[in-house]
K.L.:
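Got a structure for you, written out below as structure tokens; questions coming shortly.
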Amino acid sequence: MALHLYDTATRDVREFRPARGATASMYVCGATVQGIPHIGHVRGALNYDVLRRWLLHNGLDVLMVRNVTDIDDKILAKAADAGRPWWEWAATHERAFEDAYTALGCLPPSIAPRATGHVTQMIELMQRLIDAGHAYAAGGDVYFSVTSFDDYGVLSGQRLDEMQQGETQAEGKRDPRDFTLWKSSKPGEPSWPTPWGEGRPGWHLECSAMATTYLGPEFDIHGGGVDLVFPHHENERAQSRAAGDGFARFWLHNAWVTLSGEKMSKSLGNVVAIPEMVRRYRAVELRYYLIQPHYRSTIEYSDAALSEAAQGYRRIEQFLRRVSGASGEVRAGKVAAEFAAALDDDLGTPQAFAVLHNTVRDGNAALDGGDAAKSVELAETVRAMTEVLGLDPLSERWAERAGTESQALADLVDGMLAARQRARAERDFATADIIRDQLTNAGIAVEDTPNGPLWTVRD
RNA sequence: GGCGGAGUGGCCGAGUGGUUCAGGCAAGGGCCUGCAAAGCCCUGUACACGGGUUCGAUUCCCGUCUCCGCCUCCA
């Protein structure tokens, strides 16, 4: 089965075929860099990272654009409150997002364009829309005329006549539901020159301009959080298609991370910030937790659920360690067919994880049964699958080989374990247990295996 | 008011018109172990509520209740 994806615009699951042969193009709505990233922000990025890895795994070249909205009302307001330049405020938080994505193992995008760097392209797009009669300038602002575009509302399933009041009323608007492409600047605000006056970008315009700049007038996938369906994506789609571009062929939307049943947002104060999470948990375990549920299902965040997920991850990690401890290096093999089928079915990560765990169980059983060859084969499959999910415990990214970081620690522990083995051989279990307790107290877990003791650093 | 999502076993979280089960975590029993740990095996008999369709529904239809999101900035 080939990859099938759910498209918000058509509300069905369709086969995905890249428009341009072996290259898939993705545009993902990144952050408005006004604050510190929380796990909700990162969840979406992780979902699209898994999709990207799956496309790569299937031999496609993937062009991925993840934008940075570095100018908007909130950035200006917050920077002003903090008494800092708006551009510094934006740059600071852009780095915080970048760090969060990296910490959780997201592959870097092909490019992360900033809105402020693409004003030229925005002006061009506005001009095309005005020329085509879909937009108009009024008092330095530029608006998109929603009634001029028949398809308006198709993406979000809204009917124009049922829509409640649109953006804030402005005098120049011909219809209250028209949305702003460009807003004139007030004195003291940052601004850029345009044929219609000094001003700054409206929110929606940048994505259309940047997506088509880098990916062309038509591209494969446009992703973002469900809250962006309306108005953001509806408006993007309207302005681009009205301008004559094909724009996104598939619209993907990831669900929320909620806390106590509510959407996570700064105004509610129920935010779980990434920098703190990464201090408290292993990033790979947080990643595991966030990508296991289906991307269109809401995750109700809880510490308990995260801890459970961490246990699940450690089971996989442990298996790979057991096999490499017994048989040496484990390479990445081929993913299981059922795993591929699961991901091909609209990125069915829950089923994919089930396959992963079943493979781990079989591999453990093979190991227990003395079938080393089979255990290695299954471990190689496990590695391949975890690699697609960005969770490979043996990858350079996530491997926690204390020995490579500290030869001194490794020598010390190995020495103690050798002493313990001698004590055990002499059936001096009291001494053996004292040594093990010492290690345990130092945060080092010891496991005896037929091939000798294995140790790992906990926490 | 309009549009959309969700209610599954102790917990997380999939899925399907029908005897065989998602998967994980936790629990109990067993095997293994000097003891542990890890691992393996076994156990739990779930699908919000009320109707209907059906030989048979958790899965389809209708209704009810509850929760959540979007319609204003938002991942």
Side-chain angles (χ1 to χ4, degrees), chain A residues 8 11 28-32 34-35 37-48 69 72-74 77 97 153 156-168 177 203 223-232 234 253-258 261-267 288-289 292-294 296-300 302 304-316 318-319 321-322 338 342 345 348-358 360-369 423-424 427-430 432-433 436-437 440 445-450 453-456:
Chain A
T8 304
R11 277 142 226 276
V28 176
C29 276
T32 299
Q34 49 153 326
H38 59 64
I39 55 176
H41 293 126
V42 147
R43 192 252 172 117
L46 252 17
N47 291 145
Y48 300 113
T69 300
D72 94 316
D73 290 343
K74 280 192 177 165
F97 271 85
S156 58
Q158 308 274 325
R159 287 213 317 267
L160 209 43
D161 51 351
E162 290 287 357
M163 279 179 10
Q164 295 193 344
Q165 192 66 278
E167 293 177 12
T168 10
R177 297 164 303 191
W203 176 35
V226 274
D227 58 329
L228 298 180
V229 175
F230 193 93
H232 185 50
E234 188 71 69
H253 292 98
N254 61 278
W256 299 119
V257 180
T258 60
E262 285 181 309
K263 176 176 165 179
M264 200 172 286
S265 80
K266 297 241 172 58
S267 47
Y288 180 105
Y289 172 64
Q292 179 168 39
H294 188 88
R296 290 193 281 119
S297 296
T298 303
I299 296 176
E300 164 69 15
S302 75
L306 174 55
S307 298
E308 283 183 12
Q311 280 306 116
Y313 173 75
R314 286 174 201 167
R315 178 179 157 75
I316 296 164
Q318 186 67 20
F319 165 63
R321 277 192 188 146
R322 287 182 81 201
E338 316 87 78
D345 184 9
T349 50
Q351 299 88 334
F353 274 80
V355 174
L356 182 53
H357 276 108
N358 284 334
V360 168
R361 196 197 327 105
D362 292 347
N364 274 318
L367 208 52
D368 287 352
R424 290 181 74 204
R427 304 194 67 75
D428 177 6
F429 298 120
D433 288 350
R436 185 169 63 194
D437 289 346
T440 303
V446 177
E447 295 168 39
D448 295 317
T449 78
L454 273 184
W455 60 276
T456 41

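Lettering follows sequence order; numbering is per chain, from 1.
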K.L.:
How would you label the contact of A/Val257 with the nucleic acid (heavy atoms, under 4.0 Å): base, sugar-phosphate, or nothing?
P.N.:
base

K.L.:
Which parts of nucleotides 28-40 of chain B does protein reach within less than 4.0 Å, heavy atoms only, written one letter per nucleotide 5' to 3' as B for base, S for sugar-phosphate only and - for none?
P.N.:
------BBBBSBS

K.L.:
Measuring only the P atom in each nucleotide, how far is B/C47 from B/A57? A whole number of Å is fine.
P.N.:
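About 14 Å, rounded to a whole number of Å.
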
K.L.:
Between A/Tyr289 (side chain only) and A/Ser307 (backbone N and O only), is there a donor and an acceptor less than 3.5 Å apart?
P.N.:
no

K.L.:
To the nearest angstrom, how far is A/Tyr289 atom OH from B/C25 atom C1'?
P.N.:
13 Å

K.L.:
Can you check the distance between B/C40 and B/G24, where both ends of the measurement are the P atom (answer in whole Å)?
P.N.:
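That atom pair is separated by 9 Å.
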
K.L.:
Roughly, in whole Å, what's the span from CD1 in A/Ile316 to P in B/G24?
P.N.:
10 Å

K.L.:
Nearest 0.5 angstrom please: A/Ser156 OG to A/His253 NE2, how far?
P.N.:
9.5 Å

K.L.:
Is the backbone N or O of A/Lys74 less than 3.5 Å from a side-chain atom of A/Gln34, with the two atoms forming a donor-acceptor pair by type?
P.N.:
no

K.L.:
Walk me through whether A/Phe429 and A/Arg427 qualify under side chain to side chain contact (heavy atoms under 4.5 Å, CB included).
P.N.:
CA-CA 5 Å; A/Phe429 298 120; A/Arg427 304 194 67 75; 3.8 Å; yes

K.L.:
Which nucleotide sits closest to the side chain of A/His357: B/C73, B/G23, B/A75?
P.N.:
B/G23

K.L.:
Check whether any side-chain N or O of A/Arg322 sits under 3.5 Å from a backbone N or O of A/Leu367 as a donor-acceptor pair, and report yes or no.
P.N.:
no

K.L.:
Any donor and acceptor pair, going by atom type alone, linking the side chain of A/Arg43 with main-chain N or O of A/Thr298 inside 3.5 Å?
P.N.:
no

K.L.:
Could you check how far CG of A/Asp161 sits from C1' of B/C71, rounded to whole Å?
P.N.:
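Value for this atom pair: 13 Å.
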
K.L.:
Starting from C1' on B/C25, measure out to CD on A/Gln292 and report it in whole angstrom.
P.N.:
10 Å

K.L.:
Using whole Å, what does the distance between atom P of nucleotide B/C3 and atom CZ of A/Arg177 come to?
P.N.:
16 Å

K.L.:
Please state how far atom CZ in A/Arg296 lies from atom P in B/G13, giving the value in whole angstrom units.
P.N.:
16 Å

K.L.:
Give the rounded distance in Å between these two atoms: CZ of A/Phe353 and C1' of B/G24.
P.N.:
10 Å

K.L.:
Can a donor-acceptor pair be found, under 3.5 Å and without considering hydrogens, that links the side chain of A/Gln158 to the backbone of A/Gly153?
P.N.:
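No: the side chain of A/Gln158 does not pair with the backbone of A/Gly153.
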
K.L.:
Give one of base, sugar-phosphate or nothing for A/His294, where a contact means two heavy atoms less than 4.0 Å apart.
P.N.:
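Sugar-phosphate: the residue A/His294, judged by heavy atoms under 4.0 Å, touches backbone atoms but no base.
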
K.L.:
Mapping A/Gly157 and A/Asp227 onto RNA chain B by nearest heavy atom, which one lands closer to the 5' end?
P.N.:
A/Gly157

K.L.:
Is the shortest heavy-atom distance from the side chain of A/Arg424 to the side chain of A/Asp448 under 4.5 Å?
P.N.:
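Yes - at least one pair of side-chain heavy atoms lies under 4.5 Å apart.
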
K.L.:
Please state the P separation for the pair B/C41 and B/C25 - nearest whole angstrom.
P.N.:
12 Å

K.L.:
Atom CG of A/Asn254 and atom P of B/G69: how far apart are they, to the nearest Å?
P.N.:
16 Å

K.L.:
Can you tell if the side chain of A/Thr449 reaches within under 4.5 Å of the side chain of A/Arg321, non-hydrogen atoms only?
P.N.:
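A/Thr449 vs A/Arg321: side chains apart.
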
K.L.:
Taking the P atom of each, how far is B/G63 from B/C55, in whole Å?
P.N.:
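B/G63 and B/C55 have their P atoms separated by 24 Å.
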
K.L.:
So does A/His41 get a side-chain nitrogen or oxygen closer than 4.0 Å to the phosphate oxygens (OP1/OP2) of B/A75?
P.N.:
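The answer is yes; a side-chain N or O of A/His41 sits under 4.0 Å from OP1 or OP2.
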
K.L.:
Strictly by modelled atom types, are A/Asn364 and A/Arg361 linked by a side-chain donor-acceptor pair under 3.5 Å?
P.N.:
no

K.L.:
For the base of B/G24, is there a side-chain donor-acceptor partner from A/Glu308 under 3.5 Å away?
P.N.:
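Counting by modelled atom types and ignoring angles, a donor-acceptor contact under 3.5 Å is found here.
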
K.L.:
Categorize A/Gly225 for me: base, sugar-phosphate, or nothing, with a 4.0 angstrom heavy-atom threshold over every strand shown.
P.N.:
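Sugar-phosphate contact only.
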
K.L.:
Does the side chain of A/Arg314 pick up a donor-acceptor pair with the side chain of A/Gln311 at under 3.5 Å?
P.N.:
yes

K.L.:
Give me the distance, rounded to whole Å, that separates B/G17 from B/A26 when you measure between the P atoms they each carry.
P.N.:
32 Å

K.L.:
Please classify the nucleic acid contact of A/Gly348 as base, sugar-phosphate, or nothing, using heavy-atom distances under 4.0 Å.
P.N.:
nothing

K.L.:
On a whole-Å scale, what distance lies between the P atoms belonging to B/U54 and B/U59?
P.N.:
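Each nucleotide's P atom is 16 Å from the other's.
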
K.L.:
Among B/A75, B/C73, B/A14, which is the nearest nucleotide to the side chain of A/Thr32?
P.N.:
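Out of B/A75, B/C73, B/A14, the nucleotide with an atom closest to A/Thr32's side chain is B/A75.
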
K.L.:
Give the nucleotide from the list B/A75, B/C71, B/C12 with an atom nearest to the side chain of A/His38.
P.N.:
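Given the options B/A75, B/C71, B/C12, the side chain of A/His38 is closest to B/A75.
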
K.L.:
Please state the P separation for the pair B/A46 and B/G50 - nearest whole angstrom.
P.N.:
15 Å

K.L.:
If I pick the C1' atom on B/U53 and the same atom on B/U43, what distance separates them, to the nearest angstrom?
P.N.:
37 Å

K.L.:
Looking only at side-chain N and O atoms, does A/Glu300 offer a donor or acceptor that is under 3.5 Å from a partner on A/Thr258?
P.N.:
yes

K.L.:
Within the structure shown, what part of the strands sits under 4.0 Å from A/Gly40 by heavy-atom distance: base, sugar-phosphate, or nothing?
P.N.:
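Base, at least one base atom sits under 4.0 Å.
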
K.L.:
RNA chain B: A/Ala255 or A/Ser297, which has the more 5' nearest nucleotide?
P.N.:
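Nearer the 5' end of the strand: A/Ser297.
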
K.L.:
What stems show up for RNA chain B when you take Watson-Crick pairs (N1-N3 plus N6-O4 or O6-N4) and G-U wobbles (N1-O2, O6-N3), both under 3.5 Å, and require three or more consecutive pairs?
P.N.:
B:1-7 with B:65-71, B:10-12 with B:23-25, B:27-31 with B:39-43, B:48-52 with B:60-64

